[in-house]
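No hydrogens, no waters, no symmetry mates; every other heavy atom, side chains included, goes into these values. Please read these numbers as outputs of a predicted model, since none were measured by experiment. In each ligand, atom 1 is the first atom listed, and ligand 1 is the first ligand listed.
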Amino acid sequence: MSETLHRQHIDHIHGLQSAYEDLLDRLGLDTVAIYSGHGQPHYGDDQFPNFQAFGHFIHWAPLTNAQHSWVVIQKSQRPQLYLYAPSDFWHLPTHLPEEPWVNEFDVHLSTDTIHPTLQGRAAIIGDTEWLTPEIAAKLNVKSQPESLEKALDELRLYKSPYEITCLREANRLALAGHQAAQAAFIGASGELDIQLAYLAASRQRESDVPYQNIIGLNSHAGVLHYQYYDLGVPKQRYSLLVDAGRRFRGYCADITRTYAGPDAPTQFGELVTAIHALKDKLIKSVMPGVGFLTLHEEMHRHLADVLVAHDLFKGTVEHAVSEGVTRAFCPHGLGHSLGLQVHDVAGLRHPDGTPAPAPEHHPALRLTRTLRPGMVITIEPGLYFINMLLAPLRKTDLPINWKLVDQLSLCGGIRIEDNVVVTEKGFTNLTR
Ligand code: GLY
Ligand code: MN
Ligand code: MN
């Protein structure tokens, strides 16, 4: 691990300490305790689903698997890390990495699931289902105060240099997976084998992915969150859509690529190229002060250009947008905030924590914020042939080229997605 990363990590912790202290002042608190969470077995079983520690916990300590553990922050004191380390010969004992950030904490290893003693006016955040209002009153703590949660989410929206380094590394590793997935597709692999090639090249086990990889061949490329991996290889290979990421120290990459296969109509390959260009054009508009909703609407206008230029819509660009044609071809938002969660927090709030919901016409948009330096977002335009969404348009006299739509339906759809940092002057694309 590079020295720069370790130095940046320590600066990140110091920055968090000062931001938390300001917040404690503002909210009249002395202590905030963040619970990492813990897993529950499947109902009636002794097996557990994958565990992922709470984002605000990993924000301090990159221990993504730490269960029953706490970070406790108080003013003018070093952060405290209470790490659950049971005496358990069934599993590998908990251990801390030998990295400089650990020295920034007072570390308390605990073989039991004890709760830290909290000083003064204290608040607890995290998945603490045991913390009933009665227990909270007895411990004299506030449980999940909304104002604190909102303020901490707001803090997460702006990434420190350490976090951007992590997101860049997550992208580098994910891109190696994407190259291997493309090669596997060229080699006529099926969905499961493409997935396995992706995991191997991006050096991760499936339980560590930031979201379930979407690996869709042919019409499956048009299922937005396609959730299976077919074992076989289809006879015809029209298309492949790979939406797959990687975590690095908890931080997520979220990258999509689409490829035309040997059996695709030529128009599909041309549309893939057009959506790549659309993604690049939209990224060039990323800069401080730009509203993400404005960018999303820009995507719809450019998508209408693509529909008209490629003979899918035989009317005007304005008509394609105003009649909702582009929304039927692309029902999701242009992108979202990215960080410790793939769909990161605070995207649908104003800076003061009040709601900033998606507009009625664009209900799937996950980010309505004005872009500011330090935000990291995805830009992911798409163009899909989804029967369920196009069927109502078939009943209208809108000048849609249904013959071409039907031919392209075999290819499912296209999405191209990069991860972008908003900088003081514009943007940096991490997916390079
Ligand atoms: N991979 C999920 C998304 O792109 O939002
Ligand atoms: Mn995304
Ligand atoms: Mn994605």
Checklist entry - Is Glu380 in polar range of ligand 1, meaning some N or O pair under 3.5 Å apart? => result yes

Item to check | Under-4.0 Å salt bridge between Glu99 and Arg249 | outcome: yes

Checklist entry - At a non-hydrogen distance cut-off of under 4.0 Å, which region of Glu417 contacts ligand 1 (side chain, backbone, both, or neither)? => result side chain

Item to check | Arg415 to Tyr384 six-membered ring, cation-pi geometry met (6.0 Å, 45°) | outcome: no

Checklist entry - Can a salt bridge be assigned to the pair Asp406 and Arg394 using a cut-off of 4.0 Å between side-chain N and carboxylate O? => result yes

Checklist entry - With only distance considered, is His343 within less than 3.5 Å of ligand 1 through an N or O on each side? => result yes

Checklist outcome for this item: Of all protein heavy atoms, the one nearest atom 3 (C) of ligand 1 is Asp254 OD2, 3.3 Å

Item to check | Test item: side-chain donor near acceptor, Gln195 and Glu191, under 3.5 Å | outcome: no

Item to check | Donor on one side chain, acceptor on other, His38 and Tyr84, under 3.5 Å | outcome: no

Checklist entry - So does His42 have more than 12 non-hydrogen atoms from other groups sitting under 6.0 Å from NE2? => result yes

Next on the checklist: With heavy-atom distances below 4.0 Å as the criterion, list the atoms of ligand 1 near His336.
Outcome noted: 3 (C), 4 (O), 5 (O)

Checklist entry - Does a side-chain N-to-carboxylate-O contact under 4.0 Å join Arg301 and Glu297? => result no

Next on the checklist: Taking atom CD as the centre, does Glu129 end up with more than 12 heavy-atom neighbours from other residues, nucleotides or ligands that are less than 6.0 angstrom away?
Outcome noted: yes

Item to check | Within-cut-off N or O pair, Asp243 and ligand 1, under 3.5 Å | outcome: yes

Checklist entry - Charged N to carboxylate O below 4.0 Å: is that the case for Asp208 and Arg203? => result no

Checklist entry - Protein N, O or S atoms less than 2.8 Å from the Mn ion (ligand 2), ignoring waters? => result Asp254 OD2, His336 NE2, Glu380 OE2, Glu417 OE2

